[in-house]
2 protein chains.
Amino acid sequence: MSSIPSNLTSNATPAAGAGASASGVSPTFSPLYQQIKALITQSLQSGEWKPGELIPSEVELANRFKVSQGTVRKAIDELAAENLVVRRQGKGTFVATHHEERAQFRFLRLMPDAGDPHNADNNILEVKRLRAPAEVARLLDIKSGDSVVFIKRVQSFDGEPIIVEELWLPGVMFKGLTAERLVEYKGPMYGLFETEFGTRMIRATEKIRAVSADEPTAELLKIAVHTPLLSVERVSFTYGDKPVEVRRGLYLTDHHHYQNELS
Amino acid sequence: MSSIPSNLTSNATPAAGAGASASGVSPTFSPLYQQIKALITQSLQSGEWKPGELIPSEVELANRFKVSQGTVRKAIDELAAENLVVRRQGKGTFVATHHEERAQFRFLRLMPDAGDPHNADNNILEVKRLRAPAEVARLLDIKSGDSVVFIKRVQSFDGEPIIVEELWLPGVMFKGLTAERLVEYKGPMYGLFETEFGTRMIRATEKIRAVSADEPTAELLKIAVHTPLLSVERVSFTYGDKPVEVRRGLYLTDHHHYQNELS
DNA sequence: CAGTGGTCTAGACCACTCC
DNA sequence: GAGTGGTCTAGACCACTGG
């Protein structure tokens, strides 16, 4: 508890000369609140505070880091803006989680043209280990030929099959992942990744195209061959902007659409 | 200069009792910085400070509104986060504009699969007035049958036609808009809307689908009929979340993709 | 150099939650 | 009531821009 690795770069503040450090080279050089933010992020990444848990209060963190509450506040403000953390007035600040919260919307943008959001269920078709294809390896920043977990599934909304999806995950990070585990798990897949494998998806990039359904896909979605489909290629990142998932989804958009906000 | 319509709801701050007001009903009831933000937004909307211009400094606004600089700061922080305003250290705070700045990316997400961003040019096919179709009227929040400006155009990147787009704009807000004006104008269309018609697009929502090219579209894009295309339906909003543009684009995604960030 | 936004502090009080 | 995040102030100094 008492060992506080406070290596903050003292940025000429009226605070006392507690800067210390004196380690050979002067490291980075950024605002104090950015350094605090980085320290908090490290604690999140290391699992010191787990998803859903309460993190120390602003005053406690301020004492721990020997800075003012306002500085901690600004750090946490940014973490909250990046969805790493959730503030609740009167209760405290919590580590964000893929469970609970309405945050499914964040990673599934397909909405029904009319009516309420989906009643999704999940049909796992295939789970296997294979050597990473060159393209997948490049996106995951691993060596071509390294082990990856491959998953193929169909998602249905209100009983209608709407999405065919293939995923590739780094083998080393998802050792015990089996089809049974995926099938029996309730709730969003990212929730399983988070609690079972300690990997939280923070952000993702998507490339979207229009393509034509090939025969196997058409069969799975119960549609005609050559029906236009939305192709969504996603790369997801954890802490430290490390890519940990590649995904390719084919969305049937006859009665659904991909919803996006430009803001 | 001296007439300051300060109707701020005094929220029990250590500041002197300058709350005044005493007008019959107690109005809204929100944090001071939100009220400041609303006041600044009004000045932006009214054109008191025009796109690209410098707005008063934080200290001046603090004096004007009789609040501390920190409170003004928080208001402007949010406006900057919403892209209504741009901060430049050492220079001041400027009203955001569709000209200059790299902010084209914000409203055109189509990127080439390889190579640098586009070398776009613009082919206006049609500009005419018509009575708003029911669906367009609903989205623009006007009466069905009200006058709207209809525009159809093709956009080419590096000489290849890639986008066919139809737009509907409220007739009352775009009185003098002619094909000639659109054709001769250089730069992004939103820039013209901003400077010539005083309408700035703040945010937009998009619904994306995969569709099949019909014959006229196929001809314009020089592709085969039934080629899959990305359909992007956009509604854009100005200040006060007022819808002012409906747009339907068909994107050829053989060598381009719609880029999106989930964060 | 003066003026701007950017960082940091210290201390006050409010709104909310839970015991 | 004690503890949390949320708002607000006042004042200091820094980093950057321009004349």
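Chain letters run A, B, ... following the sequence lines, proteins first and then strands; every chain starts at 1. On a predicted model such as this, the values are computed, not experimentally measured, just so you know.
- A:Ser68 has no side-chain polar atom (N or O) that falls below the 4.0 Å cut-off from OP1 or OP2 of C:dA10.
- Between the CD atom of B:Glu60 and the P atom of C:dT4 there is a distance of 8 Å, rounded to whole Å.
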Between the protein and nucleotides 17-19 of chain C, list the N/O to N/O atom pairs that are separated by less than 3.5 angstrom.
residue : atom : partner : partner atom : Å
C:dC18  : OP1  : A:Lys91 : NZ           : 3.4

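- Straight-line distance from the CD atom of A:Gln69 to the P atom of D:dG6: 10 Å, rounded to whole Å.
- Checked against a 6.0 Å centroid threshold, the rings of A:His256 and A:Tyr251 do not count as neighbours.
- In this structure A:Glu53 satisfies the salt bridge (Lys or Arg N to Asp or Glu O under 4.0 Å) test with no other residue, sequence neighbours excluded.
- Residues from residues 42-58 of chain A lying near DNA chain D, meaning a heavy-atom separation below 4.0 Å, are A:Ser57, A:Glu58 in numerical order.
- Contact check, B:Thr71 against D:dT7: no side-chain N or O comes under 4.0 Å of OP1 or OP2.
- Residues forming a side chain to side chain contact (heavy atoms under 4.5 Å, CB included) with A:Ser43 (at least two apart in sequence, or on another chain): A:Glu48, A:Trp49.
- Close to C:dG6, at under 4.0 Å from its OP1 or OP2, lies a side-chain N or O of B:Arg87.
- Under the salt bridge (Lys or Arg N to Asp or Glu O under 4.0 Å) criterion, A:Arg234 pairs with A:Glu206, not counting sequence neighbours.
- When the P atom of D:dG6 is taken as reference, atom NZ of B:Lys37 falls 16 Å away, rounded to whole Å.
- Rounded to an integer number of Å, the gap from CZ of B:Arg73 to P of C:dT4 is 13 Å.
- Following rounding to the nearest Å, A:Asp77 (CG) and D:dG5 (P) show an atom-to-atom distance of 11 Å.
- Side chains of B:Tyr239 and B:Gln42: no donor on one and acceptor on the other come within 3.5 Å.
- Contacts of B:Asp113 classified as side chain to side chain donor-acceptor pair (under 3.5 Å), with partners at least two apart in sequence or in another chain: A:Arg209, B:His257.
- Note: NZ (A:Lys74) to P (C:dT9) measures 12 Å, nearest angstrom.
- In this structure, CD of A:Gln34 is placed 16 Å from C1' of D:dC14, rounded to the nearest angstrom.
- Taking A:Arg153 as the reference, A:Glu165 meet the salt bridge (Lys or Arg N to Asp or Glu O under 4.0 Å) condition, with sequence neighbours excluded.
- Under the salt bridge (Lys or Arg N to Asp or Glu O under 4.0 Å) criterion, B:Arg181 pairs with B:Glu184, B:Glu196, not counting sequence neighbours.
- Every ring-ring contact (aromatic ring centres under 6.0 Å, His included) that A:Phe174 has, sequence neighbours left out, goes to A:Phe193, A:Phe197.
- The distance from atom CG of A:Asn63 to atom C1' of D:dT4 is 14 Å, rounded to the nearest whole Å.
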